[in-house]
Every structure is written in structure tokens, then in C-alpha cells.
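To start, the structure itself, in C-alpha cells.
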Amino acid sequence: MRHGKKFNHLGRKRAHRKAMLANMTCSLIEHKRINTTVAKAKALRVFVEPLITKSKTDTTHNRRIVFSYLRDKFAVTELFKEISVKVADRPGGYLRIIKLGNRQGDNAPMAMIEFVDYNEIYNPKGKKAKKTTRRGRSKKAESAQVEGTATEEKSEE
């Protein structure tokens with residue numbers, strides 16, 4: 001029976017699951033977003049967010065703890081140097097999961113998981129594109145012109 005076992009086993013043994021989540025985390029840190037299934041994305045969020053919280057305080061002890069999970073020097077360096085600086089003021093919720101639809105071959109629900117602070121499109125603090133109007137005239141000028149043509153037609157009759 002599985003009483004009290006709340007996390008998703010993802011159909012894998014413990015060692016395979018740990019290795020897969022570590023590899024997915026390294027890919028996420030390197031590329032800032034990856035596409036995967038919804039179940040793996042939710043499991044990855046639970047795996048990564050405590051590591052990001054640890055990376056906010058750059059100590060040797062925290063680096064060794066994170067390295068014991070990831071086993072990749074480049075990913076640990078990237079996490080502590082770049083990502084932790086960008087998420088320093090955020091109290092949690094470092095990742096965003098966006099559902100993409102179903103995969104072609106097996107109809108598995110797919111999702112994109114990404115860092116919240118690295119997406120300029122969804123980031124509300126990012127620079128917004130300046131909107132320009134395409135119309136040449138204002139509405140008042142157009143309405144005056146429409147009224148002027150109507151009065152000219154009446155005067156000609």
C-alpha cells in the first residue's frame with residue numbers, strides 16, 4: 001500500500017528517478033527552459049526550487065549540498081553566479097509551468113517549464129514595447145469630415 005507516499009514515482013526506481021531529475025535540472029539551468037511532460041515538470045519543480053533557495057546564500061556548504069544533487073560543476077556554477085543573483089529578491093516560485101497540449105505519438109500531456117525571471121514576454125517588470133497607433137487622423141477629424149460631406153450633399157440639392 002502507498003499510505004503517506006505523496007510524490008510521483010514517475011514509473012521509475014529511486015536511482016533512475018534521481019538521475020533523471022538531476023539531468024533535467026542541469027538542462028533547465030543551462031537552457032533556462034525545457035519541454036517535458038506535465039508530470040515530470042511538476043516533479044522537477046519540487047526538486048529544483050529548494051536548490052535555488054539554497055543558491056541564494058553562496059557558501060561552500062550550500063555549494064556542496066547542491067553539487068550532491070546535481071553532480072555537474074557547470075550547472076552549480078551557473079546556478080550560484082547568474083540565476084541566484086536574478087532571483088535574489090523573489091521569496092519563492094522561481095519556475096513557471098506552461099501546458100502545451102498533447103504529444104503527437106502517445107498523446108502525453110506536454111508542458112514547458114522555465115525560470116520566471118528569464119522570460120521577457122511574461123515578466124511584468126520587463127520593458128514593454130511602445131504601442132503606436134496606425135490611424136492617421138483622430139476620431140474628431142473623421143467625424144467632422146463625415147458631417148461636412150453630409151452638409152455639402154444637402155446644400156447641392
Side-chain angles (χ1 to χ4, degrees), residues 1-139 142:
M1 291 192 275
R2 56 179 310 272
H3 295 304
K5 298 181 189 280
K6 296 191 178 181
F7 65 92
N8 193 347
H9 295 283
L10 300 172
R12 290 160 173 82
K13 300 285 185 186
R14 182 173 187 265
H16 187 186
R17 188 172 52 248
K18 280 179 64 176
M20 182 191 66
L21 290 173
N23 288 332
M24 288 176 69
T25 302
C26 293
S27 296
L28 180 66
I29 289 170
E30 182 182 348
H31 300 292
K32 308 302 185 260
R33 74 175 57 149
I34 57 172
N35 290 338
T36 183
T37 62
V38 173
K40 286 181 190 173
K42 288 178 179 179
L44 185 64
R45 184 189 331 187
V46 173
F47 185 81
V48 174
E49 291 207 351
L51 299 180
I52 297 171
T53 303
K54 285 231 180 279
S55 74
K56 286 178 163 183
T57 55
D58 190 3
T59 62
T60 305
H61 183 62
N62 283 345
R63 279 183 179 265
R64 286 179 177 166
I65 290 172
V66 172
F67 184 76
S68 72
Y69 282 93
L70 299 184
R71 299 180 297 277
D72 184 8
K73 257 188 216 182
F74 174 76
V76 172
T77 305
E78 180 94 6
L79 181 64
F80 276 85
K81 292 232 170 152
E82 290 184 21
I83 295 172
S84 65
V85 172
K86 212 155 189 181
V87 299
D89 57 339
R90 185 177 289 277
Y94 311 110
L95 299 175
R96 174 186 295 128
I97 295 175
I98 301 172
K99 294 183 181 176
L100 299 175
N102 294 343
R103 188 162 47 197
Q104 185 79 34
D106 59 354
N107 209 28
M110 297 297 288
M112 178 177 65
I113 184 166
E114 66 181 0
F115 285 103
V116 172
D117 293 316
Y118 280 90
N119 191 340
E120 290 81 25
I121 296 171
Y122 288 111
N123 193 359
K125 293 180 183 176
K127 295 180 182 177
K128 293 184 179 179
K130 186 177 179 183
K131 292 186 178 181
T132 58
T133 57
R134 300 193 106 189
R135 61 176 186 239
R137 301 179 185 170
S138 66
K139 289 185 178 181
E142 289 178 3

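Remark: Glu78 engages Lys32 in a salt bridge, criterion side-chain N to carboxylate O under 4.0 Å.
Of all non-hydrogen atoms in Met1 and His3, the two that sit nearest each other are SD-NE2, 3.2 Å. Minimum interatomic distance between Lys81 and Val85 (heavy atoms only, all atoms of both residues): O-CG2, 3.1 Å. Summarising the geometry of Ile97 relative to Ala111, their closest heavy-atom pair is CG2-CB, 3.8 Å, with the distance given to 0.1 Å. The minimum heavy-atom distance linking Met20 with Leu10 is given by the pair CE-CD1, 3.5 Å.
Residues that satisfy the side chain to side chain contact (heavy atoms under 4.5 Å, CB included) test with Val46, not counting sequence neighbours, are absent from this structure. Contacts of Lys86 classified as side chain to side chain contact (heavy atoms under 4.5 Å, CB included), with partners at least two apart in sequence or in another chain: Asp117, Tyr118. Scored by the salt bridge (charged side-chain N to carboxylate O under 4.0 Å, His left out) test, Arg33 finds Glu114 as partners (sequence neighbours excluded). With sequence neighbours excluded, no residue satisfies side chain to side chain contact (heavy atoms under 4.5 Å, CB included) with Asn23. Partners of Arg103 under the side chain to side chain contact (heavy atoms under 4.5 Å, CB included) rule, at least two apart in sequence or in another chain, are Thr37, Asp106, Ala108, Met110.
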For residues 64-73, dump all side-chain donor-acceptor pairs below 3.5 Å to protein atoms at least two apart in sequence or in another chain.
{"from": "Ser68", "atom 1": "OG", "to": "Ile65", "atom 2": "O", "distance (Å)": "2.5"}
{"from": "Asp72", "atom 1": "OD1", "to": "Phe74", "atom 2": "N", "distance (Å)": "3.4"}

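Note that OH of Tyr94 and CG of Leu51 are 11.0 Å apart. Values are rounded to the nearest 0.5 Å. Atom CD1 of residue Ile83 and atom CD1 of residue Ile52 lie 6.5 Å apart, to the nearest 0.5 angstrom. Distance check: Arg45 CZ to Ile113 CD1 gives 6.5 Å after rounding to the nearest 0.5 Å.
Taking the ring axis of Phe80 as reference, the NZ or CZ atom of Arg63 stays within 45° of it and closer than 6.0 Å to the ring centre.
In this structure, the side chains of Leu21 and Leu44 come closer than 4.5 Å at one or more pairs of heavy atoms.
One N or O on the side chain of Lys56 and one on the backbone of Arg90 form a donor-acceptor pair closer than 3.5 Å.
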